[in-house]
Amino acid sequence: MSHFSVLSTLPPDTLLGLMTAFRADPRPDKFDLGVGVYKDLAGETPILSAVKKAEARLIDAQTTKVYEGPRGNTDFCAHIEDFVFGKAHPARAEGRTTSFTVPGGCGALYSGISLMKRTGTKRVWVSKPTWPNHPNVVKSLGLEVKDYAYARDGEFYRLGMMADLSEAQPGDGVIIQGPCHNPTGIDPTLEDWKELGKLAKEKGLLVLLDVAYHGFAQSLDRDMDGVRAFMDEAGEAMIAYSCSKNLGLYRERTGCFLVLGETKDGIDAVTTHIADNGRATWSMPPAHGAGIVATVLGDAQLRAEWETELNAMRTRMKGLREDLSDALVKATGSNALAALKSQNGMFSRLPVTAAQTVELREKHGVYMPASGRINIAGLNPKDIPALSKILAGYL
Ligand code: LMR
């Protein structure tokens, strides 16, 4: 008898299953609002030009493929520390920060939840709704998932979130998303971030800030304001930083896991635990994507070129939001979806049921997960009139 006969077949992952089904759909008129990747006017997800140039330089200069070490590319780590903490944050000089190259934002998430577990955390709070892989990783590490209210009537719901988190026990973990919340596109204000930081401190919560869309909300400079305000109040935090979207490095799995601590001794110990956990999982960090990012950010010209490309992606996403929102307001005769315009990043949620998302896919070739999340960054402007007409039938 096979050892594997005890296993039953699992359903496909929500987003990856959708990606496969979309690619296999032979209909010419189909609309991909599923997995979160940016697409240009030609419907492609291009390699950014700054990335392409950095990659060529990197390969040309490379003389070895030998392991880099537990923290991976330390230039990369320093650049991401600049982004997250700021160049002059006193904690850096005091040895109260640490950072590791990890396989993508999800590798950082895994490092963070593992670290929570090592500190004795038993349960982890996630926003309702959230990115499905948040609860997935928490459960895979054997911890309990709890959820907190996040948005109401198209706005951030601070009172609901604070009320739910007031039930949390000291030592509980919490995942809070940085700018461009996935799936709602709704972000806390600076004031909200401060209040959340105070609450985390008061209640002794261990918070992981998931930053996957830096530069997609307002600008590279401003997008970290909330995260930094939170850290100033909370004193300690872990940060999962992804370069998948803002540098378009998706498959290169380029992420950074960072920690801010109250004491140098604490951070020295944490550093050994992150290294130990990495060794027991991926053993050595991936080098290629981090090498590209270090090359882009370490060269004034490439960096300026990347910033121009990033700004163009953001401006295009904002334009698509406006066009889709206007088209939906017109097609439905209701102002309800005007809020799409004020949201940030790649995603928004449509008020549709899971059953309606199935019908949208089967009848009309409109692909979105059961949650009604739509990836605005994947839209083609020429599809907006037809798409909004179809969607209006369900809104
Ligand atoms: C998404 O939310 O669609 C992306 O972050 C891709 C993923 O890995 O789920």
Side-chain angles (χ1 to χ4, degrees), residues 10-23 30-40 43-45 102-113 126-140 145 147 150-151 175-187 208-217 223 239-257 282 286 289 310 313-314 317 320-321 324 340 343-350 352 354 357 360-361 366-379:
L10 295 173
D13 173 86
T14 323
L15 291 162
L16 302 187
L18 214 54
M19 190 165 83
T20 312
F22 179 81
R23 286 179 184 165
K30 51 181 183 173
F31 308 91
D32 182 9
L33 304 178
V35 73
V37 296
Y38 174 88
K39 290 186 192 166
D40 65 12
E44 306 291 338
T45 304
V102 290
C106 202
L109 184 63
Y110 193 86
S111 304
I113 311 294
V126 302
S127 64
K128 188 179 176 175
T130 193
W131 182 46
N133 226 18
H134 283 150
N136 200 19
V137 172
V138 173
K139 281 189 230 154
S140 81
V145 178
D147 49 43
Y150 185 78
I175 301 175
I176 307 180
Q177 296 188 37
C180 310
H181 181 261
N182 178 359
T184 64
I186 297 169
D187 291 335
L208 173 71
L209 301 163
D210 189 0
V211 178
Y213 312 98
H214 180 204
F216 276 10
D223 281 5
I239 303 93
Y241 188 99
S242 170
C243 299
S244 292
K245 322 282 172 167
N246 60 1
L247 281 120
L249 284 169
Y250 308 92
R251 67 169 69 160
E252 298 299 351
R253 313 310 302 130
T254 311
C256 189
F257 177 59
W282 41 81
L310 176 65
M313 283 197 278
R314 183 180 57 247
M317 281 187 275
L320 287 167
R321 277 187 178 281
L324 180 67
L340 288 188
Q343 296 163 2
N344 287 324
M346 309 177 86
F347 307 113
S348 284
R349 276 228 306 181
L350 295 179
V352 287
T357 64
L360 276 161
R361 178 162 68 247
V366 178
Y367 283 73
M368 71 178 82
S371 62
R373 185 193 84 169
I374 52 170
N375 171 33
I376 289 177
L379 275 176

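One-based numbering, in listed order, for ligands and for the atoms of each.
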Please classify the Asn182 to ligand 1 contact at 4.0 Å (heavy-atom distances, strictly less than): side chain, backbone, both or neither.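 The answer is the side chain.
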
Which part of Leu15 is near ligand 1, with near meaning a heavy atom under 4.0 Å away: side chain, backbone, both or neither?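 Side chain only; the backbone of Leu15 stays clear of ligand 1.
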
Could you check [atom] against the protein and tell me its nearest heavy-atom contact, residue, atom and distance included?
{"atom": "atom 4 (C) of ligand 1", "answer": "Lys245 NZ, 3.1 Å"}
{"atom": "atom 9 (O) of ligand 1", "answer": "Trp131 NE1, 2.9 Å"}
{"atom": "atom 2 (O) of ligand 1", "answer": "Arg373 NH1, 2.8 Å"}

Rounded distance (nearest 0.5 Å) linking atom CG of Asn375 with atom CG of Leu320: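 Result: 10.0 Å between the selected atoms.
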
Under a 4.5 Å cut-off applied to non-hydrogen side-chain atoms, are Thr184 and Pro129 in contact?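 Yes, at least one pair of side-chain atoms sits under 4.5 Å.
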
Would you call Trp131 and Ile175 a side-chain contact if the rule is heavy atoms closer than 4.5 Å?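 No, every pair of side-chain atoms sits at 4.5 Å or beyond.
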
Quick check on contacts: which atoms of ligand 1 are under 4.0 angstrom from a heavy atom of Val35?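 Listed by number with element: 3 (O), 6 (C).
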
Main chain of [Y], side chain of [X]: is a donor-acceptor contact present, judged purely on distance under 3.5 Å?
{"X": "Lys245", "Y": "Gly36", "result": "yes"}
{"X": "Ser242", "Y": "Gly104", "result": "no"}
{"X": "Asp32", "Y": "Tyr367", "result": "no"}

Is Gly36 in polar range of ligand 1, meaning some N or O pair under 3.5 Å apart?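 Among all N and O atoms of Gly36, at least one is under 3.5 Å from an N or O of ligand 1.
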
